[in-house]
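The sequence lines fix the lettering, A, B, ..., with proteins before strands; numbering per chain opens at 1.
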Amino acid sequence: MRPAPRGSLFRNATLAVIWLWLLVFVLAPTAMVAVASLLERGTDQFVTAAFSLESFARLFDPLYFQVFWNSIYLAGVTTGLCLLAGYPFAWLIARAPGRIRPLLLLLVIVPFWTSSLIRTYAMVIILKANGLLNGLLLWFGAIDQPLMLLYTEAAVIAGLVYSLLPFMILPLYAAMERLDLRLLEAARDLGAGRTALFLRVVFPLTLPGMIAGCMLVFLPALGLFYIPDLLGGAKILLLGNLIKDQFLAARDWPFGSAVSVVLLLFMALFLLALVYVRRRRADAEAAL
Amino acid sequence: MSDSILQIRGLGKAFGGDWVLEGIDLDIRRGEFLTLLGPSGCGKTTLLRLIAGLETVSAGSLHLQGRDLTPIPAERRPVNTVFQSYALFPHLTVFENVAFGPRLQGVKGAELRRRVADALETVKLGELAARRPGQLSGGQQQRVAIARALVNQPLMLLLDEPLSALDYKLRKQMQLELKQLQRRLGITFVFVTHDQEEALSMSDRVAVMNAGRIEQLDTPRRVYEDPASLFVARFVGEANLLPARVLEQRPDGLSLELEGKPFEAARPQRFEPGGRVHLLLRPEDLDVWSPEELRRQPEYQARALAATVEEVIYKGAEVDLLVRLESGVQVAATAFFDEEDPTLEYQRGERVFVTWPAGWEVLLPFEDAS
């Protein structure tokens, strides 16, 4: 599509809608959260208009460090597993014959057609003591007694990986599909065996896709509160759970807001670092 | 054969049941510049990729210095390729691109730097080592691709239409440089092109390919002057083809009927009496005379073919003429400005006579020249 000329009605109208959207649904709520984090908790209202840094001070409690660390650990393991599973998966799609490639991509996207919450309930049915998985294993005689699968850390990680895997596969696929196969031939011609081919050509050229995929998995993984709730039996807390609990259970809006602000800052730093790395790469590969 | 570096016997390649290459027998000589010439789809690139190991052999064998290449994968063959698209690694600098091969051989440190610098010096790119491929012009990328292949000291350098992406002037320059490079290094070059001029000007030998087979393997001069088939004659250079009928086969020549006149061909070639042949004549072999000029050339009078000028194309150093013979066959003739004829004045519709030096015609079996 050709870009609309500058100053045209269509262009101005579209931009106005986008800006309005960002203003009302992104900037305003974020500003409200930031303001709330600096106020005091109210007795008959959620917040009172008094400045206080107390919410942030409370974050230094070792209990919350533990939650923070736990979140990063779970998100990190999830990201690593998604990368391990998604990389070969994306490679197979990118190298599949052109006819079946759209079909394989469709299979990656199909889970998005139902709510992630419903799919997590489905996992509960599979994992619970008298669930599908245990039933199958018992029937095959692989085990004598049902395994305790649900309400474990493994179940939480499995749920996170299951929900977030498409976000890893899609950017990886995009990077691999762009990969010029003639470069692989050139590398082989120059003496690169399978290992050298991967380490020296495929890996560096798909690195942008890997970074993008890791961001798209790691950052949402920090906040997917309903997965630890349903699959971890609320024993395992993510930052997302902490925030949800503060707003809905403890009714401590300033503190929930403070956790949100810290999470936001953490994500922003992550993204800034990525942009910085990208820009350095782009400078080095200028004009490509 | 002691001077042969690569022996190809009965080589064939099929893609999904379609044979794109069949029955290739070819001995590549040590240190020669061999060109695979042919139209697109003739199998020349496939042949090159089979030598490189980038395609698997469907039939026949390849022996490099007596060693069977068939089971050896591309990464362990002592040959390197310059790709048509250059295929430079975009994430690596020029230095790292060239160092790619030697690094995999375990070359490190000062030795690596020396070899890369030498290779870049060979292609006159020493000062661009720190750039990335995206920051180079097409001609420079081409040179990096050559250096990246040469630095491995391959037994053979395979070049797949390496100049086709360059503009005309740069291409001419690179042709000369490549030829000089090959002579200086003494490495065997196998060069793929569809450009007959490029093939003739650079090669020691040319293999003209058509429909998956080698039609003729010979020196550029013999490919041009003595083509083995109608296809070679028409693909390599411009060709005028005059149909003729064989009257009599003699030990020292051939009596023909050409344009309704008797014609004596000097070359002792075997053709059956009564059969048809094609006379091949290059445009530059033909002389075009006005009736007055022909009267002053008594030795040509008997053999001259009458024609009418249809088109006159002035080209600076030469004039191209399209004339139509009385039989209706159109013939192209190139006349050069020289002391014999400094004016070269021709008019469209003018009656002229076409002649050529005795014995310069090439006789080919008659093929339907459609």
Side-chain angles (χ1 to χ4, degrees), chain A residues 87 90-91 94-101 171-214 274-288, chain B residues 16 45 48-49 51-55 72-94 96-107 119 130-137 140-141 144-145 147-154 156-160:
Chain A
Y87 201 90
W91 183 261
R95 295 292 156 256
R99 281 177 299 113
I100 64 168
R101 219 181 289 166
L172 277 174
Y173 166 77
M176 288 169 182
E177 210 238 336
R178 275 201 310 269
L179 187 65
D180 186 349
L181 292 183
R182 292 173 297 189
L183 295 178
L184 306 190
E185 288 194 339
R188 284 183 60 206
D189 186 71
L190 292 167
R194 283 169 173 277
T195 318
L197 197 65
F198 179 75
L199 290 180
R200 289 169 190 259
V201 182
V202 177
F203 182 86
L205 287 175
T206 52
L207 191 59
M210 287 164 72
I211 294 175
C214 288
L274 181 76
V275 167
Y276 176 73
V277 171
R278 279 260 173 87
R279 191 164 295 166
R280 268 192 34 195
R281 280 176 68 91
D283 282 348
E285 281 165 37
L288 251 185
Chain B
T45 295
L48 198 79
R49 289 170 59 84
I51 299 174
L54 297 170
E55 303 285 357
I72 302 177
E75 58 267 27
R76 289 197 280 117
R77 295 192 186 190
V79 298
N80 286 110
T81 308
V82 176
F83 292 89
Q84 183 172 14
S85 60
Y86 314 143
L88 299 178
F89 303 120
H91 59 298
L92 300 178
T93 63
V94 168
E96 291 296 331
N97 263 282
V98 178
F100 194 92
R103 277 229 165 95
L104 290 167
Q105 306 300 320
V107 181
R131 298 265 186 97
R132 299 237 175 195
Q135 300 167 307
L136 302 180
S137 70
Q140 289 167 332
Q141 291 187 25
V144 177
R148 187 178 69 172
L150 282 177
V151 74
N152 304 290
Q153 301 162 341
M156 289 171 46
L157 187 68
L158 312 174
L159 301 107
D160 184 11

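- Heavy atoms of B:Leu158 lying under 4.5 Å from chain A are absent altogether.
- Contact annotation for B:Phe89: both backbone and side-chain heavy atoms come within less than 4.5 Å of a heavy atom of chain A.
- Heavy atoms closer than 4.5 Å to chain B are found nowhere in A:Asp180, neither backbone nor side chain.
- Atom CG of A:Leu184 and atom CG of A:Asp189 lie 12.5 Å apart (nearest 0.5 Å).
- Residues B:Tyr86 and B:Arg148 have side chains not in contact (no heavy-atom distance under 4.5 Å, counting atoms from C-beta outward).
- The side-chain heavy atoms of B:Leu104 and A:Arg200, taken from C-beta on, include a pair separated by under 4.5 Å.
- Contacts with chain A were tallied for B:Ala74, B:Gly101, B:Ala52; B:Ala74 has the most, counting heavy-atom pairs under 4.5 Å.
- Counting heavy-atom pairs closer than 4.5 Å to chain A, the top residue among B:Glu96, B:Arg49, B:Arg103 is B:Arg49.
- Residue contact with chain B, scored on non-hydrogen atoms closer than 4.5 Å, involves the side chain of A:Leu205 exclusively.
- Looking at heavy atoms from C-beta onward, A:Arg182 lies out of side-chain contact with B:Phe83 at the 4.5 angstrom threshold.
- The side-chain heavy atoms of A:Arg95 and A:Leu179, taken from C-beta on, include a pair separated by under 4.5 Å.
- Residue contact with chain A, scored on non-hydrogen atoms closer than 4.5 Å, involves the side chain of B:Asn152 exclusively.
- Ring geometry, A:Phe198 versus A:Tyr87: the interplanar angle exceeds 60°, so the pair is classed perpendicular (tilted spans 30 to 60°).
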